[in-house]
Amino acid sequence: MLKLETNSIAPRWEAMASYAQKIVKAHQKLHDGSLAMTGWVDLPANVDETYLAEILAVSTEIRQQYTALVVIGIGGSYLGTRACYDLLEADRCGVELFFAGWNLGGRYHEKLLQKLDGHDVALCVISKSGTTLETTLAFDLLKEYMEGRYGSDFSDRVYVITGENSGALHQEAAGKGYRVFPLDEEIGGRYSVLTSVGLLPLAAAGIDVTALLDGAKEAYDDLNCDDMEQNPCYQYAAYRNVLFGEGKVTEFFSFIEPEMFQFGFWLKQLFAESEGKNCRGIYPSALLYSADLHSVGQFLEEGHPIFFETMITLASDAGINVVQGYKKIYQEHTMAMVDAVYHVRNEKGTPIVKLTIDALDAKNLGYMIYFFEKACAMSCLLMGVNPFDQPGVEAYKSHMRLLLD
Ligand code: PA5
């Protein structure tokens, strides 16, 4: 389902093997519950069927009653849903999703309200803490909008996904009678896309979330092995650490299909927020080809060699629709571009790996999400940082709250 190509891994195999024992211990910690915030690790193998059935039933209700669902949230409460929604564009057959609260642009939100005028609207507000200012502001704005359109009793149009039994949002939801989906306290925002955070809005958009979970379960089975030699996910984690030791402090995730680019934003958060602490961590960035080959390509070729590249591509027989008569030509050009990138990176000694997925569908996406979550957590543990906290983000949040108070 996901193939890791190993050209630049082979010469580093000995250095990577020095992590093998650490990997065995970290794997155990991830799976045995001794590490906090690891609720996502065994999630694909223990899907709560009652909870899933409830999500599916409510998503059907949303699809039947409304035409638009505004997803209000930021960071881990937004990026995963957005990435899946963009990537699975071809599978959508439900309500249209709109996104609010991920920026503080007044014009953005004004235009959003104008777009909503043509729709029958419901809201899905997502915040684990229930206190994030960007989310709260957008929710206030949208509540006012809803009142203007539907009168004061619009509570049946509001769905809330928030931390279990705590926080301001939870209290408000209980008071107003909004439908609440509680979040597992042991799963942090950036590891939460396979919970109600992603599943509810995506199912409302008509995306097959059961297939998403099936893909994650397949990854869980394939990657539940503490032997680095047998586990490509842990090979990738060790490889990243070896490169970090070589001074490669930036990772470029590169994509060819524009639908996949939002997945790059999800990856950036996952790795930056998990790994960037104690003055350590590899800075994640995302590139979209061919566009970026004609803009930052010069830096990649001749600039400061502080980076390595992880190219995420689709298998050539993935069955992508292209304008009639051009399928073969597009395939040939894409292959030539990938070969050219490989050639120039190899000539410069820039490490590059390729991760190829079989198809752009929900099952493959679920697999890829789990692969990267686990690779990221393992990479952090090998680097000696806590993958599951975000003290820097919390510092920004509380300072902003202080200023506004
Ligand atoms: O991954 C994380 O923990 C963060 O990015 C949060 O998801 C983000 O800050 C939003 O927080 P909350 O869900 O509490 O509104």
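Here the structure is a predicted model, which is why all the values come from computation and not from measurement. When a ligand or atom number is given, it counts from 1 through the structure's own listing order.
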| message | What verdict does the ring pair (Phe, Tyr, Trp, His ring centres under 6.0 Å) test give for Trp266 and Phe253, after you've listed the backbone C-alpha separation in whole Å, the side-chain angles of each residue and the deciding distance to 0.1 Å? | response | CA-CA 11 Å; Trp266 178 79; Phe253 294 102; 9.6 Å; no
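- Here the protein heavy atom with the shortest distance to atom 7 (O) of ligand 1 is Gly76 N, 2.9 Å.
- Comparing heavy-atom distances from atom 2 (C) of ligand 1 across Glu134, Glu394, Gln390, Glu273 singles out Glu273 as nearest.
- Summary of contacts: the protein heavy atom closest to atom 14 (O) of ligand 1 is Ser129 OG, 2.6 Å.
- In this structure, the protein non-hydrogen atom closest to atom 11 (O) of ligand 1 is Lys397 NZ, 3.2 Å.
- Residue Leu69 comes nearest to Leu123 through the heavy atom pair CD1-C, 3.9 Å, listed as atom of the first residue, atom of the second, then distance.
- Within a 6.0 Å radius of CD in Glu144, no more than 12 heavy atoms belonging to other residues, nucleotides or ligands are found.
- The closest protein non-hydrogen atom to atom 5 (O) of ligand 1 is Gln269 NE2, 2.5 Å.
- Distances between N or O atoms of Thr135 and those of ligand 1 include no value under 3.5 Å.
- Counting only non-hydrogen atoms, the option in Thr132, Thr162, Ile187 that gets closest to atom 12 (P) of ligand 1 is Thr132.
- The atoms of ligand 1 that sit less than 4.0 Å from any heavy atom of Gly189 are 1 (O), 2 (C), 3 (O), 7 (O).
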| message | Go through it in stages, so that I can follow the logic: the residues are Glu172 and Lys143, the test is salt bridge (Lys or Arg N to Asp or Glu O under 4.0 Å), and I'd like the CA-CA distance, side-chain angles, deciding distance and then a yes or no. | response | CA-CA 12 Å; Glu172 180 184 346; Lys143 279 184 290 190; 2.6 Å; yes
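- Set against the non-hydrogen atoms of Ser127, the atoms of ligand 1 under 4.0 Å away are 12 (P), 13 (O), 14 (O), 15 (O).
- Crowding of Glu14 atom CD: a count of heavy atoms from other residues, nucleotides or ligands under 6.0 Å not exceeding 12.
- The side-chain heavy atoms of Glu218 and Tyr370, taken from C-beta on, include no pair separated by under 4.5 Å.
- Inter-residue side-chain proximity for Asp120 and Arg157 is flagged as met; some heavy-atom pair is nearer than 4.5 Å.
- Nearest to atom 10 (C) of ligand 1 among the protein's heavy atoms is Ile74 O, 3.3 Å.
- If you check which protein heavy atom lies closest to atom 13 (O) of ligand 1, you get Ser77 OG, 2.6 Å.
- The closest side-chain heavy-atom distance from His304 to Phe299 is below 4.5 Å.
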